[in-house]
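Contents: one structure, followed by commentary.
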2 protein chains.
Amino acid sequence: MQDNIATFKALGDPTRQQILGLLAREELTIAEVASKFDMTRAGVKKHMILLERGNLISVTPRGRERLNRLNPEGFRAITDWLGFFDNFWDEKLNALANVIKDENK
Amino acid sequence: MQDNIATFKALGDPTRQQILGLLAREELTIAEVASKFDMTRAGVKKHMILLERGNLISVTPRGRERLNRLNPEGFRAITDWLGFFDNFWDEKLNALANVIKDENK
DNA sequence: CTTAAATAAAACCAAATGGTATCATGAGTC
DNA sequence: GACTCATGATACCATTTGGTTTTATTTAAG
């Protein structure tokens, strides 16, 4: 799906970044996540949907509850995207180095 | 400022990602950027403001026009943020490796 | 100095977002 | 079967966003 737009969009919100921080320590149900915020379960749920849409979390049912955990896919999508620009900075630095070399020769 | 929220928010839009792609090849004025899109200059300008707010571009005046170029700061902000989770994946993989080792001993 | 070009700034509009409260559903427990 | 409990789904509200058009403001060129 390579929809890194949805991934970046999901990361552009402080609440969702905090949720990811929580899930980095342990898998949690929606109710457990909601208990850490001053927000309704329904409100948290909507954030979870956006995180899921960005492939930043995945959900697996366990009985009547659902466990949310981090999903590497979304993280990899933005790492990949960044790679393109890392390339760019390298070229810029090389170009700069060449200019300096030319000036000194 | 470390407002990576503004940076992620700026990246969560396809038009703005395309603008960054253009600026990776050459510095451009707003009018030049706008000429590549089916959009008003004013519309492009608003995107540029969001990109600037996320430290993804920087603007320097040259006569009556303004040159827009990529700014490494925003890119570094999200690379840094990703670092935390890279750490997380490493730990997960180590934990998994240990489980496998225990099962085989 | 007048005029044109590039940008900035403001008012406005439709659509998406972050949140709420309310109702429906599905799994465990008695 | 009846009853909770965790979740899902929906309708609704205020604010932000992506875009337009229109109106300044600054700089270059005659």
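The sequence lines fix the lettering, A, B, ..., with proteins before strands; numbering per chain opens at 1.
- Evaluation of the ring-ring contact (aromatic ring centres under 6.0 Å, His included) test over residues 7-34 of chain B, restricted to residues two or more places apart or in two chains, returns B:F8-B:W81.
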Distance-only donor-acceptor pairs under 3.5 Å for side chains of residues 56-64 of chain B, two or more places apart:
residue : atom : partner : partner atom : Å
B:T60   : OG1  : B:R69   : NH1          : 3.3
B:R62   : NH2  : B:E65   : OE2          : 2.7

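- Remark: P of D:dT26 and CD1 of B:I30 are 17 Å apart, rounded to the nearest angstrom.
- B:L11 places its CG atom 12 Å from the P atom of D:dG18, with the value rounded to the nearest Å.
- Across B:A24 and A:F85, no two heavy atoms sit closer than the pair CB-CE2, 4.0 Å.
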Legend entry - Base versus backbone protein contacts along nucleotides 14-30 of chain C [heavy-atom cut-off under 4.0 Å; B, S, -]: ---SBBBB-----SS--
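- Here the closest heavy-atom approach between residue B:L20 and residue B:L70 is recorded as CD2-CD2, 3.6 Å.
- Straight-line distance from the CG atom of A:L67 to the P atom of D:dG8: 12 Å, rounded to whole Å.
- The phosphate of D:dG8 (OP1 or OP2) has a side-chain N or O of A:K45 nearer than 4.0 angstrom.
- No hydrogens or angles considered: nothing links the side chains of A:N68 and A:E52 as a donor-acceptor pair under 3.5 Å.
- For B:L50 against B:A10, the heavy-atom pair with the smallest separation is O-CB, 3.6 Å.
- Atom CD1 in B:I49 sits about 10 Å away from atom P in C:dA10, given to the nearest Å.
- As rounded to whole Å, 15 Å separates atom P of D:dG18 from atom CE of B:M48.
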